[in-house]
Trainee: 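Quick one: the structure is below, and I'll ask about it shortly.
For ligands, and for the atoms within them, numbers begin at 1 and follow the listed sequence.
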Amino acid sequence: MKALAFDLGAGSGRAIVGEWTKDDRLVLTETHRFANEPVRAGRRLHWDILRLYHEVKLGLAASARAADGPIDSIGIDSWAVDFGLLDRNGDLLGNPVHYRDSRTDGLMEAAWQIVPKEEMFSRTGLQFLPFNTLYQLWAMKREKSPLLEAADKLLMIPDLLRYFLTGQTFGEYTNASTTQFLNASTRRWDTELLERFGLPSGILPEVAQPATVIGTLRASVREELGIPGIPVVAVGEHDTASAVAGVPAADGKPFAYLICGTWSLLGTETAVPVLGADAMRFNFTNEGGLGGTYRLLKNIMGLWLIQECKRLWDRQGVRRSYGEWAELAAREKPFLAFVDPDDDSFLAPAGMPAAIRAFCRKTGQPEPETEAQVMRVVTDSLALKARYVLERLERLTGIAYGGLHMVGGGIQNEALCQSTANAIGRPVWAGPVEASAIGNLAAQFMANGRLSDLAEARRWIAASIDIREYEPQNKNEWEDAYGRFVRYVV
Ligand SMILES: C[C@H](O)[C@H](O)[C@@H](O)C(=O)CO
């Protein structure tokens, strides 16, 4: 049996075929990889959605060619919060706007004048991030956007790509839970909350649960690509939801994870949403998961800081791979200075290295001079922020986690994995890299009945992949560093 997963991140996308082998293991074959390059046009930063859809079709054709035998299903996951609008004829109304666009600046605080922060959290259970879908829609309303006025349907990024493939409009639950207008307890759209902002709830699609078959390729796609019909499954379409499903926590005990990519997401899995005052004060979120679970986690700005430094230095001709930057940073003296990766100044700065130096200057710390020193400051700070968030997670759940599962592309930075183990003073279990794609595939095998539930999926994943363990080192130095770090955190 074979399934095809499309995993679209903020920087790149992949098509990966997952085969369930005769000896009950999962074997992955990457059939297509493509860049995801946002486009600034006029005053807006956009996703190039038609380009991404074109790449999905290329991936589909390449996978059909590569797979000797039929592909049994398809699933799509991507980053969260962003969306496209369809008009009443089902045509796309413009390219989706990127969550790092400035249109939502200052709106979150203004929104609390309409629905108080406490009430919004108790209803949606969602962390307060300035780009949540609610504030993006409200920005369009405030600007009297003709697109919003003409809108008949709101579809999030995977919903939209799936609509292009199947012709059906559903809103997948895990991604819908990142909008800040889905009620965490009822798991339904919170239309009353939306209407208090004067926003049209009629454009919201029917919510589909993950791990369900919800369509097949439309005739025009089959003809264009010369392939047969393939069932399309609603997987955990929020890539973070798929990554959590892909965490090889196979012993059924409570576990903590750190999903490491453009964003770092640190959290755990719960049966009920945690909506208390501490969860709101620590700005944790309760995003929807597979199998009726919740993802109690917190966003950390993650490798975005490293990606943006590299992007600027590449442009300046200082070209090095991520691996080379990680090695150079690892050779630098540790703990020169610390930044809070979640400081607002890092969300979309014109120049990330300058923003990092400015943070150090603002907090009276020495400024990193060389590129390698900048990378070291970021890596040390990400590791220490993981400890800061893990300790708050444990205060919310009352559970002391024996270690931390690290998954995602970022675990290829071995120094970061080791630093994280050092910072938390507990083991890190690193793997898999392709956690989102693997969780996407697992949901497809749940939809076709090959896997019964998440627990079975995680045992199957654990039996199919290699996990590398990092034991904590230099505990005293990192303990001292943590004391210094918390002084600079918001
Ligand atoms: C906004 C981010 O996309 C979102 O919070 C994060 O969970 C994600 O989707 C990472 O890919």
Side-chain angles (χ1 to χ4, degrees), residues 5-14 36 38 45-47 49 52 76-84 96-104 108 124-137 156-161 172-182 210 235-247 257-269 283-290 294-308 341-342 344 346-348 382 386 389 406-411 433-440:
F6 287 98
D7 173 38
L8 281 74
S12 63
R14 282 149 300 283
N36 178 7
L45 182 64
H46 290 276
W47 297 106
I49 197 73
L52 293 175
I76 303 172
D77 69 75
S78 90
W79 68 95
V81 298
D82 293 337
F83 58 93
V97 172
H98 191 300
Y99 62 82
R100 291 186 201 271
D101 181 273
S102 60
R103 67 177 177 175
T104 51
M108 189 167 68
T124 67
L126 216 72
Q127 65 191 327
F128 292 96
L129 294 172
F131 45 69
N132 288 345
T133 318
L134 173 65
Y135 312 125
Q136 296 196 39
L137 265 186
M156 304 190 77
I157 302 295
D159 300 330
L160 189 55
L161 296 169
E172 186 276 330
Y173 165 66
T174 66
N175 219 2
S177 75
T178 70
T179 57
Q180 201 139 42
F181 45 80
L182 187 106
V235 299
E237 294 193 355
H238 179 195
D239 56 4
T240 306
S242 278
V244 171
V247 172
Y257 52 76
L258 175 55
I259 298 158
C260 213
T262 299
W263 287 88
S264 286
L265 302 310
L266 193 146
T268 188
E269 188 168 79
N283 206 22
F284 270 70
T285 199
N286 296 272
E287 292 168 350
L290 276 69
Y294 290 88
R295 296 172 283 130
L296 176 65
L297 62 84
K298 184 172 173 46
N299 276 47
I300 301 170
M301 252 202 260
L303 301 182
W304 163 251
L305 280 77
I306 289 179
Q307 291 166 355
E308 281 297 283
D342 298 305
D344 290 348
F346 300 137
L347 183 62
L382 286 173
V389 176
M406 269 179 87
V407 301
I411 68 170
V433 168
E434 297 291 357
S436 292
I438 289 176
N440 177 323

Trainee: Among all residues two or more places apart in sequence or in another chain, which pass the ring-ring contact (aromatic ring centres under 6.0 Å, His included) test with H46?
Mentor: none
Trainee: Got a sec, which residues hit salt bridge (charged side-chain N to carboxylate O under 4.0 Å, His left out) with R103, two or more places apart in sequence or on another chain?
Mentor: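 None.
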Trainee: So, do L8 and D239 sit near enough that their side-chain heavy atoms are less than 4.5 Å apart?
Mentor: no
Trainee: Taking the ring centre of each residue, are W263 and F131 less than 6.0 Å apart?
Mentor: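 Yes, they do, as the ring centres are separated by less than 6.0 Å.
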Trainee: Kindly write out the residues that satisfy salt bridge (charged side-chain N to carboxylate O under 4.0 Å, His left out) with E237, not counting sequence neighbours, or none if the list is empty.
Mentor: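 By the salt bridge (charged side-chain N to carboxylate O under 4.0 Å, His left out) rule, E237 matches R162.
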Trainee: Heavy-atom distance under 4.5 Å between the side chains of D7 and N440, does that happen here?
Mentor: no
Trainee: Starting from the N and O atoms of ligand 1, collect every protein N/O partner closer than 3.5 Å and put each pair on its own line with the distance to 0.1 Å.
Mentor:
| residue | atom | partner | partner atom | Å |
| --- | --- | --- | --- | --- |
| ligand 1 | 3 (O) | A80 | N | 3.3 |
| ligand 1 | 5 (O) | N299 | ND2 | 2.9 |
| ligand 1 | 7 (O) | H238 | NE2 | 2.9 |
| ligand 1 | 7 (O) | T240 | OG1 | 3.0 |
| ligand 1 | 9 (O) | A80 | N | 3.2 |
| ligand 1 | 9 (O) | H238 | NE2 | 2.9 |
| ligand 1 | 9 (O) | D239 | OD1 | 3.0 |
| ligand 1 | 11 (O) | D239 | OD1 | 3.2 |
| ligand 1 | 11 (O) | D239 | OD2 | 2.7 |

